[in-house]
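Here's the structure, in structure tokens; my notes come after.
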Amino acid sequence: MLPPPNPIRSLISFLILCLLCHTGGSVASTKRSNQNESPSPSSLTTVQSNVVERPKLVTDSLANNKDIYYFGLGSNMLRSKLEGRAVCGTKIHIKSMEPAYVKNHRLAFNMRGFLPLEPGMGSLETVVADNKEESVTTTTTKMTSTPLLAYKESECHGALIQLSAEDYERVMRSEGVPGSNQGYEEVVVLAYLYRCHKKNGLLSLLLRSKQEPVQAVALRAREHVRLSHDPAPSRRYMTILQRGAQELGLDPSYQDYLQQHPVAQYWTLTRRIAVLNLIFTSKLSFQYKIRFISKLQNWLLWKVYVPPTANVFARALFELATTLILLPGSLPGSIMFLYMKVFNRMSPMMKLMVEGHW
């Protein structure tokens, strides 16, 4: 005699089927691209272990202990965030930090994060791939991604940061570079500083003034974690970018762009279930080296993902599917959360994640 059907499993299957079959304009194309981006079930245990060759500018500067200019375009635009980047906890010493921009590139959110809390992280992406003067100097593929919302100009604004060789390496280590499975690759770009101009007692910025660019190193998502369509970043992450842009005094139109960019929006219940599930899967991954569950969840979530620009029906189905996919892991996660809270055993990184999304 066959056992009775599991209603929760049946509901998950139904929701996933509805989302995969939903073909509504840009929503459908986004989901088709995400299906191509998600790892197949047979590759969930596969790890890409090749180390990327670092640019000559970086290796020479490190060998000769010379300062390096780093172009920060994401959360590293915020000084306090960058200063706290060191893995060992020692403050990063910033020699200079000025507003700048890079031509023929854009701010992308195409580095695959973990749904639903942090869908995509900041990365530099080429807009005009074959322009030798301005193109990213990298030996990897030139595949570009599609933005969820594009800035009016083909340029990326951020912070041109001068660091010692030692501090630069500490920042890179905090970003996982270099590493056996690093998500970012270092690329060399030409950064143009903003130039100040005083007129009638008022200080203004001349963004297009003629000047020599500075060779700087930026970070781009590697191919194995690079999405073909940008997902919406989390509100927590976008808030950091907005604060950094305001602190730097970036072009007002660029600040408006960051304010208008769509961000991930979820029900409170979905967010909290995701946080509790993350506590559980993090424990499995880092302490017991059991990563299959988190990889399977990630694969399922990217299969059903729709951006916040999708219609209400598609978003509701995605939230329901997300909740059901993460609910089993959130149950043991809730017990672990209570234990860590009562006995004050929560790590600083986990505490920041909980505070940022709870």
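Positions are given from 1, in the same order as the sequence printed here.
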Discussion item. Using a strict threshold of under 4.0 Å (side-chain N to carboxylate O), is an ion pair present between Arg226 and Glu185?
Written reply: yes
Practice prompt. May I ask you to test the Val214-Leu190 pair for a side-chain heavy-atom distance under 4.5 Å?
Written response: no
Worksheet item: Any side-chain donor paired with an acceptor under 3.5 Å for Asp230 and Ser145?
Response: yes
Worksheet item: Can you tell if the side chain of Trp302 reaches within under 4.5 Å of the side chain of Leu227, non-hydrogen atoms only?
Response: yes
Practice prompt. Taking the six-membered ring of Tyr192 (Phe, Tyr or Trp), confirm whether the NZ or CZ of Lys103 is under 6.0 Å from its centre and within 45° of its axis.
Written response: yes
Discussion item. Check this for me, if you would: do Arg79 and Glu83 make a salt bridge, where the nitrogen-to-carboxylate-oxygen distance has to be below 4.0 angstrom?
Written reply: yes
Worksheet entry | Lys95 with Asp67: basic N within carboxylate O range, under 4.0 Å | yes
Worksheet item: Between Gly72 and Met77, which heavy-atom pair has the shortest distance, and what is it?
Response: O-CG, 3.3 Å
Worksheet entry | Flag if over 12 foreign heavy atoms under 6.0 Å of CD, Gln246 | no
Worksheet item: Are side-chain N/O atoms of Arg85 and Ser75 paired as donor and acceptor at under 3.5 Å?
Response: yes
Discussion item. Would you say that Met97 contacts Leu248 through its side chain, given a criterion of any heavy-atom pair below 4.5 Å between the two side chains?
Written reply: yes
Worksheet item: When you check the gap from the basic side-chain N to the acidic O, do Arg173 and Glu166 get nearer than 4.0 Å?
Response: no
Worksheet item: Parallel, tilted or perpendicular for Tyr101 and His157, by the 30°/60° rule?
Response: parallel
Worksheet item: With side chains defined as the heavy atoms from C-beta onward, is the minimum distance between Tyr194 and Asp251 less than 4.5 Å?
Response: yes
Fill in: Cluster check Met350, Leu326: I/L/V/M/F/W/Y, side chain < 4.5 angstrom
no
Practice prompt. Over all heavy atoms of both residues, which pair between Lys56 and Asp60 is shortest? Give the atoms and the distance, please.
Written response: NZ-OD2, 2.6 Å
Would you be so kind as to tabulate the donor-acceptor pairs closer than 3.5 Å made by side chains of residues 268-280, with sequence neighbours excluded?
residue: Thr270; atom: OG1; partner: Glu319; partner atom: OE1; Å: 3.0
residue: Thr270; atom: OG1; partner: Thr323; partner atom: OG1; Å: 3.2
residue: Arg271; atom: NE; partner: His357; partner atom: O; Å: 3.0
residue: Arg271; atom: NH1; partner: Tyr266; partner atom: O; Å: 3.3
residue: Arg272; atom: NE; partner: Trp358; partner atom: O; Å: 3.0
residue: Asn277; atom: OD1; partner: Gln297; partner atom: NE2; Å: 2.8
residue: Asn277; atom: ND2; partner: Gln297; partner atom: OE1; Å: 3.0

Worksheet item: Do we see a donor-acceptor contact under 3.5 Å between the side chains of Tyr70 and Glu186?
Response: no
Worksheet item: Is there any side-chain hydrogen bond (donor to acceptor under 3.5 Å, both in side chains) pair reaching into residues 332-347, and which pairs are they, with sequence neighbours excluded?
Response: Tyr339-Arg345
